[in-house]
A.B. asks: 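My questions will all concern the structure given below.
Each chain gets a letter, A, B and so on, in the order the sequences are listed, and its residues count up from 1.
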Amino acid sequence: MFARGLKRKCADHEEDMGGALAGFRAVPSYSLQRQSLLDMSLVKLQLCHMLVEPNLCRSVLIANTVRQIQEEMTQDGTWRVAAPQSTGRAPLDRLVSTEILCRSMREQDGVHPAPGMGDDHVLGPGSELSTVTSAQTPRDPQNSVWEMDSPRENRGNFQKSLDQIFETLETRNPSSAEELFSDMDSSYYDLDTVLTGVVSRAEPGPCDGLQGLPPVATPASSSSCKSDLGELDHVMEILVET
Amino acid sequence: LQNTDIISTVEFNHSGELLATGDKGGRVVIFQQEQENKIQSHSRGEYNVYSTFQSHEPEFDYLKSLEIEEKINKIRWLPQKNAAQFLLSTNDKTIKLWKISERDKRPEGYNLKEEDGRYRDPTTVTTLRVPVFRPMDLMVEASPRRIFANAHTYHINSISINSDYETYLSADDLRINLWHLEITDRSFNIVDIKPANMEELTEVITAAEFHPNSCNTFVYSSSKGTIRLCDMRASALCDRHSKLFEEPEDPSNRSFFSEIISSISDVKFSHSGRYMMTRDYLSVKIWDLNMENRPVETYQVHEYLRSKLCSLYENDCIFDKFECCWNGSDSVVMTGSYNNFFRMFDRNTKRDITLEASRENNKPRTVLKPRKVCASGKRKKDEISVDSLDFNKKILHTAWHPKENIIAVATTNNLYIFQDKVN
């Protein structure tokens, strides 16, 4: 069933590891590895938005990888499609994406790392290939529980990331309302405003992708949040092909 | 180490006498082969710098608030029709036709002008004479003859000159345009894979090339590992392919990275036009144009990387776009790898070789030593283990002289020219 490269890789290199290391590092579960790959991919997609000119081929390939993982997680039942909620959803979504980017940085600061990630197993110690990025830092089991409990936030973040990639393809740097109107399919623009609830962006900052998310929900926008989620579900259905 | 010196494309002209390189700073440098000494044909001529010019400058797209890189993505030579040479060079958005001409004579003996250009006092002119051409030091001039702009929303990855020598195609991530070399204000869109809703985008165009002999046929490759052959006679918009080349996936090798490594980074027709070669992340495949369901030959470039795909995804190396090339007789194919290694595969003998392009290991005129990478287990002497490969030293661009066994290999900042041993 799990005829995936990730799992086989880990098994193959178990023998290669020294006895001292084997005692410390239990083999991370397939779902942990898969989650790590998902996180890494989402970070890569977010970073795409910060670049001047996102490489379209790279973005599409990463987005397809994310979709693959999400499809598999849906089949596993680990990616639960939740019912839409009212107010409060929007700010939580924003928190999630901040969380993903900042979490690994927090862990680098001092949180005790969990059993090593599959990649370390692949390469063995001291490999030149293991460049440390924030997403690759091993995650605490408690955090993974948080992940499992809130797939909806994941999904929201994932969906926004995908949308933002393709949005930037059309609008490039979403820093002015003007650009939203230039050289773009109007249908695309509509989806953009529905999902984010804003027409023009705040000033662009280093975390442009994050600022693209809707502001803190006000009573007036609660209904738009509902329709946001409805739209989100609809799009998710397309992706999941239920 | 200047960022702008990074070589981004290498191309021999049709005779092989000239070799053009483009770099990240928008410059084109052309090398010329010294004419052989006919008496002593021990060595072929060396390549020396012939011309250097700035092809593209950085631009700013005010509408999208984006800088347009001046990096030269591709250079293609036109066949020589007269004394001058012509080439097409392109960055992400604009294609330019350059004329490279020599000047080795100049007129001297004007009636009204001094040699330095100042006008003579008419009263001092007492005789009438005709200026004559006298030799001067060779000057090579490059001048832009055509600029083909504003036709691409996305980044241009390929240009290819048609065998009719009148038209050429340019391909970006989602569209392919057909141009006439004489006409700059109009181009025809012949392929458009942009979905109505960009959210549905899952596949992009990665490379395109005209068939070397059939002026109505071209191919384009995709990020999903497919190649489509199109016939322009079928319809104006070639969205429906005539042939679709795709190898079924090997289920035992399936992983989350399968699609990424199947993405084709380069496609090249053989000189004969019978075959085409594609390069994906781990292999080179040769396709017979008459067989769509699988390649006729597959060569593993660096299979030892298959178990490292997760790391290569993390450090983005998995997105590196390697090119490939044929030798003049279509019997050998070549492509680059990491650690400044490049690989050659002999299609007839089925032998392959790994060589390294580096200054420290090779002095001029020494024979290159074959290299070997050790995938796992005990490393033999002279072998290099996978973990010590330098993934920053990648050879993405290689070119083979159309007639002789001379190859040009570009590392990040340097160009190496190798030839096989004569006598």
Side-chain angles (χ1 to χ4, degrees), chain A residues 3-6 8-9 12-13 16 33-34 37 40-41 44 52-53 55-58 60-65 67-69 72 117-119 122-124 126-131 133 135-136 162-163 166-167 169-173 175-176 178-179 182-185 187-188 191 204 235 238-239, chain B residues 61 63-69 92 153-155 157 172-174 194-206 222-224 251-261 263 265 305-319 321 376-377 386-392:
Chain A
R4 305 285 180 178
L6 282 176
R8 270 215 312 283
K9 236 184 327 199
D12 281 346
H13 288 261
D16 291 353
Q33 290 185 49
R34 183 176 60 187
L37 183 63
M40 195 197 322
S41 304
K44 280 184 185 294
V52 178
E53 290 240 67
N55 180 327
L56 185 58
C57 184
R58 180 175 173 274
V60 166
L61 289 174
I62 297 173
N64 289 352
T65 307
R67 275 199 198 93
Q68 269 185 65
I69 297 173
E72 193 183 273
M117 298 317 295
D119 219 35
V122 171
L123 300 171
S127 164
E128 280 176 37
L129 279 176
S130 305
T131 50
T133 62
Q136 192 57 15
L162 275 190
D163 288 343
F166 297 124
E167 171 214 308
L169 300 175
E170 292 285 72
T171 64
R172 296 297 177 188
N173 191 3
S175 59
S176 71
E178 210 181 331
E179 290 173 8
S182 71
D183 184 31
M184 216 171 58
D185 297 333
S187 58
Y188 196 77
L191 191 58
V235 173
I238 295 170
L239 285 176
Chain B
D61 182 339
L63 204 60
K64 295 178 179 172
S65 288
L66 280 178
E67 206 181 78
I68 298 171
E69 264 195 302
D92 284 337
T153 309
Y154 303 97
H155 292 181
N157 53 56
D172 66 32
D173 296 313
L174 298 177
K194 181 179 173 186
N197 188 348
M198 277 295 271
E199 282 189 358
E200 291 161 11
L201 180 66
T202 57
E203 192 173 10
V204 301
I205 297 169
T206 52
S222 85
S223 57
K224 288 199 170 171
S252 66
N253 264 337
R254 176 117 184 78
S255 75
F256 284 119
F257 306 109
S258 293
E259 184 183 306
I260 300 178
I261 62 170
S263 174
S265 51
L305 294 183
R306 193 180 287 274
S307 57
K308 314 287 185 191
L309 292 178
C310 198
S311 305
L312 295 166
Y313 178 71
E314 184 197 357
N315 65 15
D316 269 4
C317 281
I318 208 174
F319 302 108
K321 292 192 187 306
S376 60
V386 184
D387 297 327
S388 5
L389 293 175
D390 187 340
F391 287 84
N392 291 318

A.B. asks: How about I318(B) and L61(A): do any of their side-chain heavy atoms sit closer than 4.5 Å?
C.D. replies: no
A.B. asks: Roughly how far, to the nearest 0.5 Å, is CG of N157(B) from CG of L56(A)?
C.D. replies: 10.5 Å
A.B. asks: Quick check: closest heavy atoms across R67(A) and E199(B), and the distance to 0.1 Å?
C.D. replies: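 Reported closest heavy-atom pair: NH2-O, 3.4 Å.
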A.B. asks: Give, as side chain, backbone, both or neither, the part of I205(B) having an atom under 4.5 angstrom from any heavy atom of chain A.
C.D. replies: neither
A.B. asks: For chain A, which of I260(B), I68(B), L174(B), D92(B) has the most heavy-atom pairs under 4.5 Å?
C.D. replies: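 Among the listed options, the one with the most contacts to chain A is I260(B).
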A.B. asks: Using heavy-atom distances under 4.5 Å, tell me whether S263(B) contacts chain A through its side chain, its backbone, both, or neither.
C.D. replies: side chain
A.B. asks: Taking the side chain as everything from C-beta on, heavy atoms only, tell me whether T65(A) gets closer than 4.5 Å to E259(B).
C.D. replies: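 Heavy-atom side-chain distance check fails, nothing below 4.5 Å.
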A.B. asks: At a 4.5 Å cut-off on heavy atoms, which part of T206(B) comes close to chain A: side chain, backbone, both, or neither?
C.D. replies: side chain
A.B. asks: Using the salt bridge (charged side-chain N to carboxylate O under 4.0 Å, His left out) criterion, which residues pair with E203(B)? Sequence neighbours excluded.
C.D. replies: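 If we apply the salt bridge (charged side-chain N to carboxylate O under 4.0 Å, His left out) test to E203(B), skipping adjacent residues, the hits are R228(B).
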A.B. asks: Listed by chain and number, what are the salt bridge (charged side-chain N to carboxylate O under 4.0 Å, His left out) partners of D61(B), not counting sequence neighbours?
C.D. replies: none
A.B. asks: If we only count heavy atoms from C-beta on, is the K321(B) to C57(A) side-chain gap below 4.5 Å?
C.D. replies: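 A side-chain contact exists here, since the closest heavy-atom pair is under 4.5 Å.
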A.B. asks: Is any side-chain heavy atom of V60(A) closer than 4.5 Å to one of D173(B)?
C.D. replies: no
A.B. asks: Does any non-hydrogen side-chain atom of N55(A) lie less than 4.5 Å from one of F319(B)?
C.D. replies: no
